[in-house]
Amino acid sequence: MRTVGRIVLGGVVAGVVGVAGVGVYNIYDAMAGGSSGTERPDGPLSDAQVTKAASDFLTAWQDGNDQRAAGFTNDAVAALGALTRYREGTHVTKVKLTQGEADGTEVQFTVAAHIDTGEKRSTWTYESSLDVVRGETSGRPLVSWKTSVLHPKLKTSGDTLTTGEAALPSSIKVMDRHGKALDEKDFPSLSPVLASLRKRYATESGGSPAIAIQVNGSPSQVLHVLREGKPGTLRTTVDAKAQRAAEAQVARHEDASVVAVKPSTGEILAIANSARTEFNTALQGQTAPGSTFKIVTAATLLEQGKVTAEKSLPCPKYAAYRQGKSFHNLESGEQPDATFAEDFAASCNTAFVSLADEISDDALEAEAREVFGIGPVWNIGVPSSEGKVPTEGGDEKAAAMIGQGRVQMNALTMASVAATAQSGRFRQPYLVAPSLDHREVATAERALSPAVARQLKSLMRLTATSGTGARAMTGLRGDIGAKTGSAEVDGQGRPDAWFTAYHGDMAAAARVPASGHGGDTAGPVVRAVLGAGG
């Protein structure tokens with residue numbers, strides 16, 4: 001090991017700055033004797049060369065001459081851009097650089113960066129390192145440019161440092177509806193939700209966000225705090241008991257999501273995902289919901305007078321819309337003498353497909369939007385996707401009748417569908433009271449008529465007591481209703497399992513991908529959450 005003593009950088013020879021750009025420094029340095037004439041241009045670098053190359057670069061950087069500093073690297077263009085972004089993005093007014101030990105061609109150094117945001121000043125001290133190599137064409141000793149020279153946490157050329165508001169855990173205390181603290185330790189799948197809430201509502205909650213230096217603006221990569229945040233308190237609609245049940249249930253599956261809402265108000269009571277990622281599948285996912293969507297289809301048919309609960313409607317093994325694509329039931333079941341209510345409870349695909357010609361191509365989209373609130377933007381307090389029900393014709397229309405094709409939903413939207421069926425009226429789900437930030441919430445044009453609302457609830461109750469949802473709903477009494485779903489996905493061996501249900505003033509929906517029958521895997525998830533809410 002070759003060790004070079006610590007060097008406190010001082011003045012620097014004046015550089016040639018002007019129209020020639022960064023490349024002129026390489027020429028200038030060569031003329032000034034930056035490379036020893038006694039050294040081979042392709043041989044090993046000497047201690048003196050490593051020390052001088054590092055010192056030249058660090059001195060220019062310390063003097064604020066980013067252009068000259070870039071000229072002492074083997075990628076002047078990239079280095080100049082990164083050095084400029086470092087100063088501007090982090091509000092660095094000056095740096096003091098202390099050159100330390102060298103190990104071969106690697107040189108350690110200490111950075112003391114003075115930060116001034118106009119509101120707050122701070123000195124940020126950290127360790128970094130650089131490596132000296134020979135230039136590919138000149139053979140001169142140059143700093144091997146990597147973004148990590150600026151800070152070791154910068155791993156790629158696209159990584160940047162920024163100074164600004166940071167949603168640190170201390171900046172806001174998030175509470176459940178009863179005033180119980182919600183944190184990542186107790187409720188790990190709420191982590192992205194809590195981070196989003198802290199960032200969005202720090203001011204409204206009576207607190208103030210921290211000012212910090214972050215990598216790519218990520219709260220998980222805070223490097224230096226200039227000002228600690230003032231903790232605020234934010235009350236959400238989450239019920240800690242229901243959330244705990246939701247967390248326990250999704251943890252039993254490799255991939256699962258569940259959401260619970262309060263039909264009478266739209267308040268979100270629980271959100272949980274197996275996956276611990278910033279993308280919240282329960283709120284933002286967009287996949288076919290399968291037969292759980294038959295709640296919307298049934299409401300459409302009932303409102304338009306195409307069916308009644310007791311109408312005779314055979315359930316054959318196969319059905320096609322206008323001689324198009326053939327549809328089948330799960331495991332090719334059939335019930336020739338079924339009623340519409342029995343078709344719904346048994347989740348008969350072919351019976352529903354046989355009615356596709358009874359409604360217009362835009363009927364499902366209109367029902368979803370006008371009654372169930374699917375289409376308008378939902379401002380729930382954190383990012384979400386509101387679901388999609390396209391206007392379709394032909395085979396796509398037939399597929400949409402059973403929640404396939406281009407119908408896109410998630411656990412949040414399907415929980416809301418069940419909630420609308422339970423109460424008869426859509427109320428936009430929300431996690432934080434709209435009055436807190438005066439945001440506009442979505443509304444539906446109309447409620448279900450009392451007669452249709454009663455029939456729809458009777459269909460869902462039959463499903464929950466003697467249909468495909470009965471086993472999962474065992475033990476729940478009173479006002480209950482359910483709908484199962486098994487959504488087929490191209491290239492996937494087993495269908496996605498869906499289940500949505502309500503119990504009194506609580507509705508929930510769950511999705512467990514590639515797991516088969518909705519009642520078998522997604523059903524117990526929903527049942528446990530509904531039970532916790534009861």
Side-chain angles (χ1 to χ4, degrees), residues 176-178 180 182 186-191 193 236-263 267-276 280-283 285 289-292 295 409-419 421-422 429 431 460-461 463-486 496-534:
D176 87 334
R177 63 191 301 106
H178 304 298
K180 179 178 176 58
L182 299 173
D186 295 329
F187 306 104
S189 75
L190 278 183
S191 180
V193 173
T236 69
T237 61
V238 170
D239 182 278
K241 185 179 178 182
Q243 181 65 35
R244 186 168 288 105
E247 297 271 358
Q249 286 299 310
V250 299
R252 298 165 64 93
H253 301 277
E254 183 177 345
D255 189 8
S257 57
V258 63
V259 172
V261 301
K262 193 174 180 66
E267 294 167 284
I268 297 174
L269 303 174
I271 307 165
N273 295 285
S274 301
R276 304 292 191 254
N280 194 318
T281 304
L283 303 182
S291 291
T292 56
I295 298 171
M409 296 286 171
N410 53 46
L412 171 66
T413 51
M414 288 315 305
S416 178
V417 166
Q422 190 279 337
L431 188 61
M460 294 187 67
R461 181 173 181 82
T463 306
T465 55
S466 60
T468 54
R471 183 165 60 177
M473 296 291 282
T474 297
L476 293 180
R477 300 287 184 267
D479 183 19
I480 62 173
K483 187 68 194 77
T484 59
S486 299
D496 289 353
W498 285 81
F499 195 93
T500 189
Y502 58 78
H503 176 218
D505 197 19
M506 186 175 187
R511 169 179 171 260
V512 183
S515 62
H517 294 255
D520 292 341
T521 53
V525 176
V526 169
R527 168 63 177 82
V529 175
L530 293 179

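Owing to the predicted nature of the structure, the values given are computational and were not obtained by experimental measurement. By convention here, the first residue in the shown sequence is residue 1.
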Requested in this report: Can you see which heavy atom on Ala501 is nearest to which on Val526, and at what distance?
Outcome: CB-CG1, 4.0 Å

Query - Contacts of Ser257 that satisfy side chain to side chain donor-acceptor pair (under 3.5 Å) - sequence neighbours left out - result: none

Query raised in the report: How many angstroms lie between atom OG1 of Thr468 and atom CZ of Phe499, to the nearest 0.5 angstrom?
Result: 7.5 Å

Requested in this report: Using the test side chain to side chain donor-acceptor pair (under 3.5 Å), find all partners of Asp496 that sit at least two apart in sequence or belong to another chain.
Outcome: Gln492, Arg511

Report summary line: Sorted by chain and number, sequence neighbours left out, side chain to side chain donor-acceptor pair (under 3.5 Å) with Thr521 holds for Ser515

Report summary line: Shortest non-hydrogen pair, Val258 vs Ala246, comes out as CG1-CB, 3.7 Å

Report task. Find out whether Thr292 and Met409 are in side-chain contact, i.e. whether some heavy atom of one side chain is under 4.5 Å from a heavy atom of the other. Result -> no

Query - Any residue meeting salt bridge (charged side-chain N to carboxylate O under 4.0 Å, His left out) with Arg471, in chain and number order, not counting sequence neighbours - result: Asp520

Query raised in the report: Just wondering, do Asp239 and Glu267 contact through their side chains at under 4.5 Å, heavy atoms?
Result: no

Requested in this report: May I ask you to test the Thr500-Val417 pair for a side-chain heavy-atom distance under 4.5 Å?
Outcome: no

Report summary line: The reported gap from CE in Met460 to CE in Met473 (rounded to nearest 0.5 angstrom) is 8.5 Å

Query raised in the report: Looking only at heavy atoms, what is the nearest atom pair of Gly478 and Arg461, with distance?
Result: O-NH1, 2.8 Å

**Report entry** Side chain to side chain, Arg177 and Leu269, heavy atoms closer than 4.5 Å
**Finding:** yes

Query raised in the report: With a 4.5 Å heavy-atom cut-off, do Pro188 and Arg276 have their side chains touching?
Result: yes

Query raised in the report: What heavy-atom pair brings Ala245 and Ala528 nearest, and what distance separates the two atoms?
Result: CB-O, 4.0 Å

Query raised in the report: How about Val193 and Leu182: do any of their side-chain heavy atoms sit closer than 4.5 Å?
Result: no

**Report entry** Any Ser189 side-chain heavy atom under 4.5 Å of Gln243 side chain
**Finding:** yes

Query raised in the report: Can you tell me if Asp176 uses its side chain to pair, donor with acceptor, with the backbone of Ala240 under 3.5 Å?
Result: yes

Requested in this report: Can you see which heavy atom on Ala415 is nearest to which on Val261, and at what distance?
Outcome: O-CG2, 3.7 Å

Query raised in the report: Is the closest side-chain heavy-atom distance between Asn273 and Asn280 below 4.5 Å?
Result: yes

Query - With sequence neighbours excluded, residues passing salt bridge (charged side-chain N to carboxylate O under 4.0 Å, His left out) with Arg244 - result: none

Query raised in the report: What side-chain hydrogen bond (donor to acceptor under 3.5 Å, both in side chains) pairs are there with at least one residue in residues 474-483, not counting sequence neighbours?
Result: Ser347-Lys483, Gln422-Asp479, Lys457-Asp479

Query raised in the report: Looking at CG of Leu283 and OG1 of Thr413, how far apart are the two atoms once the value is rounded to the nearest 0.5 Å?
Result: 10.0 Å

Requested in this report: Please report the C-alpha distance between Leu431 and Ile271 in whole Å, then the side-chain angles of each, then the deciding distance to 0.1 Å, and finally whether the side-chain contact (heavy atoms from CB on, under 4.5 Å) criterion is met.
Outcome: CA-CA 10 Å; Leu431 188 61; Ile271 307 165; 4.1 Å; yes

Query raised in the report: What heavy-atom pair brings Ala256 and Val512 nearest, and what distance separates the two atoms?
Result: CB-CG2, 4.0 Å

Requested in this report: Mark yes or no for whether Ser291, through its side chain, and Thr484, through its backbone, hold a donor-acceptor pair below 3.5 Å.
Outcome: no

